Amino acid sequence: MSSKLQAIRGMNDLLPERSPLWQYFEGQIRTLMQQYGYLEIRTPMLEQTALFSRSIGEVTDIVEKEMYTFDDRNGDSLSLRPEGTAAIVRAAIENGLLHHQTQRLWYAGPMFRHERPQKGRYRQFHQVGVETFGLEGPDIDAEVIALSARLWQALGLREHVRLEINSLGSLEARHAYRAKLVAYFNHHLDELDDDARRRLDSNPLRILDSKNPDMQGLIEAAPRLIDHLDDDSVAHFEGLKRRLEALGIDYVVNPRLVRGLDYYSRTVFEWTTTALGSQGTVCAGGRYDGLVEQLGGRPTPAVGFAMGVERLILLLETLDLMPAAAEDVLDVYLMGQGEDIDLHLLKMAETLRSRLPSLRVQVHCGGGSLKSQFKRADRSHARFAAVVGEQELADGVVALKDLRGDDPQQLLDSDALVARLAQWIEARPAAL
RNA sequence: GUGGGUGUAGCUCAGUGGUAGAGCCCCGGAUUGUGGCUCCGGUGGUCGUGGGUUCGAUCCCCAUCAUCCACCCCA
């Protein structure tokens, strides 16, 4: 097995058995984005390494040890994108999308992080995200959260996810608080556990979230973020809460909610589930008002989020929430036996596809007994089997059998066949 | 990066120091032009890989790879 060619660790094939579920999800995303008037943006999967180190943060785990980084032939350091936001900001600046304009954008695609794989965490994974630019009020924060909430509603997940929100304050307030916190913990270095000491450099705010009972006293006595919020951020946060309440979106304020990426400020939020084990965050985001400027653009407020597609798909599977109709990929299975029948079936199928473009037709290939052909038809989940034998060919008809209902088999000429199938198309459950 | 579990048929899994089994799937037959249910038959495995112990290893030992779960981190 070890010498066999196989996929890279943590990078998975999407097999035909599961692709309908992904397509269902992607269809829901498209509809949702259209509903809110968001436009899609696509950027390369490869960027200059510096883009990520300068945006995500030099000392974050993602940049320090999780990026797929290599030298291009000319010596430039390139990296596979570990997340979407930095590249969107780069593209927006580079293409002048932020020049006295507001933008509401969405993207979807694979991201890459060299982490140890586990449930809901892979080295190539997929995110769908939203980024808005040029809007500084809590109204847009509420809008992107409402957008995500509508997706849960559409997917049937509303009862299975919960919204946590917090404010990190303005970038200045947050940095001042961070410095104060680091100073505080530095005075108590001997009381910190190994994790906390490491976090002191990488993400000191995360120390507050430690599960170690020995450290709770120290944490209780630490300076509190909420006491260090600037007035504008407090007002902003209150404005967001008011709007969520008006929209009927339940939330929990989690003062320990801190995002891992350096560029966040003010609003941060997370949608979590308890149904997926330890990787329970299904969607997360927040405001990053300083990032555009940091990457060379004019100061531009921004807010966005990203969701983990694998985690959401896993959740849909766990909860068995995919509509059954999304799995049925065929309406008619054409089969037959006899001289020149295969030629006739091929032509018939093309005619049907021309006359009924939304009809899903497959022709049996490979011959075999009618019995075996019916078995294939049954397993294809097609609604109908259409049979042509010597007699039908001579009479110019088709024997149409409803494989899922009680209607008796009918002999139909081509117009009657088209009429019957058109009737089915009207009645069939929406696929997506 | 750290810890633990698991690698036997396409899938889900039994099993034994004397070179292997079930269910499902697949193929065929019972039904020579009709699927789903039932019954009968059949195909299919270098027991993850390499090494060691042994007369003999799928089983015991070591290493390695893969995979899963958790820590960490994050979507």
Side-chain angles (χ1 to χ4, degrees), chain A residues 1-4 6-10 12 15 17 56-57 59-66 82-85 108-130 148 161 193-196 198-199 202-203 206 209-212 258-261 269-273 276-286 304-315 333 335-338 341 364 366 368-393 399-406 408-409:
Chain A
M1 213 61 123
S2 57
S3 63
K4 279 186 184 167
Q6 51 189 299
I8 304 301
R9 174 174 217 184
N12 302 311
L15 301 179
E17 187 185 18
I56 296 167
V59 294
T60 55
D61 276 12
I62 291 178
V63 167
E64 271 188 339
K65 47 195 188 194
E66 293 177 0
E83 58 102 42
T85 301
M111 307 294 163
F112 303 84
R113 291 183 200 168
H114 191 103
E115 299 182 275
R116 190 81 167 255
Q118 71 181 77
K119 189 186 181 82
R121 192 177 75 185
Y122 311 99
R123 289 184 173 178
Q124 175 177 324
F125 62 104
H126 296 76
Q127 288 187 334
V128 170
V130 150
S148 58
V161 293
D193 61 17
D194 291 346
D195 266 353
R198 197 169 38 71
R199 285 167 171 166
S202 60
N203 196 346
R206 281 293 304 247
D209 209 9
S210 171
K211 290 156 196 150
N212 187 344
V258 173
R259 312 264 50 260
L261 285 51
F269 65 93
E270 233 176 62
W271 289 96
T272 59
T273 176
L276 287 184
S278 70
Q279 306 301 323
T281 303
V282 118
C283 172
F305 66 74
M307 57 185 116
V309 178
E310 280 82 357
R311 290 182 187 179
L312 286 164
I313 299 269
L314 221 44
L315 194 52
Y333 194 90
M335 65 178 78
Q337 230 177 8
I341 292 286
H364 176 84
S369 66
L370 262 196
K371 177 193 178 72
S372 66
Q373 295 191 34
F374 262 98
K375 276 190 175 179
R376 295 288 177 94
D378 185 49
R379 270 185 275 125
S380 76
H381 293 112
R383 175 75 195 201
F384 298 99
V387 190
V388 177
E390 305 278 9
Q391 193 58 52
E392 287 85 354
L393 186 60
L400 187 71
K401 181 169 183 175
D402 185 343
L403 295 171
R404 317 293 159 194
D406 298 325
Q409 185 167 312

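In this text the structure is predicted, and so the values were computed from the model without any measurement. Numbered from 1 within each chain, the chains take letters A, B, ... in sequence-line order.
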Quiz prompt | Distance, C1' atom - from B/A30 to B/C47, rounded to whole angstrom | solution = 36 Å

Quiz prompt | Atom P, compared across B/C60 and B/U2: separation rounded to whole Å | solution = 26 Å

Quiz item: What is the distance from NZ of A/Lys375 to P of B/C27, rounded to the nearest Å?
Solution: 7 Å

Quiz item: A/Asp378 CG to B/G36 C1': how many Å, rounded?
Solution: 5 Å

Quiz item: Would a 4.5 Å heavy-atom cut-off, applied to side chains only, mark A/Arg113 and A/Gln124 as touching?
Solution: no

Self-check item: Donor/acceptor link under 3.5 angstrom from A/Gln409 side chain onto base of B/U34
Solution: yes

Exercise. Look at the side chain of A/Lys401 and the base of B/G35, then say whether one donor and one acceptor between them are separated by less than 3.5 Å.
Key: yes

Quiz item: What distance, rounded to whole Å, do you find between the two C1' atoms, one in B/C68 and one in B/G48?
Solution: 15 Å

Practice problem: Sticking with atom P, work out how far B/A14 lies from B/C55, rounded to a whole angstrom. | Solution: 32 Å

Exercise. Ignoring hydrogens and angles, state whether a donor on the side chain of A/Thr281 or A/Trp271 is under 3.5 Å from an acceptor on the partner side chain.
Key: no

Quiz item: Say you pick atom C1' in B/U38 and the same atom in B/U31; how far apart are they, in whole Å?
Solution: 13 Å

Quiz item: Nearest-Å distance, CD (A/Gln373) to P (B/C27)?
Solution: 12 Å

Quiz item: Over how many whole Å does the gap from A/Leu370 atom CG to B/G28 atom P extend?
Solution: 13 Å

Self-check item: Nucleic acid footprint by protein, nucleotides 68-75 of chain B - heavy-atom cut-off 4.0 Å, B for base, S for sugar-phosphate alone
Solution: -SBBBBBB

Practice problem: Calculate the interatomic distance between A/Glu17 atom CD and B/C11 atom P; express it in whole Å. | Solution: 12 Å

Exercise. Taking atom P in both B/C72 and B/G50, compute the distance separating them and give it to the nearest angstrom.
Key: 38 Å

Self-check item: Nearest-Å distance for atom pair NE2/P, residues A/His364 and B/U34
Solution: 15 Å

Practice problem: Indicate, yes or no, whether a donor-acceptor pair under 3.5 Å links the base of B/G33 to the side chain of A/Glu392. | Solution: yes

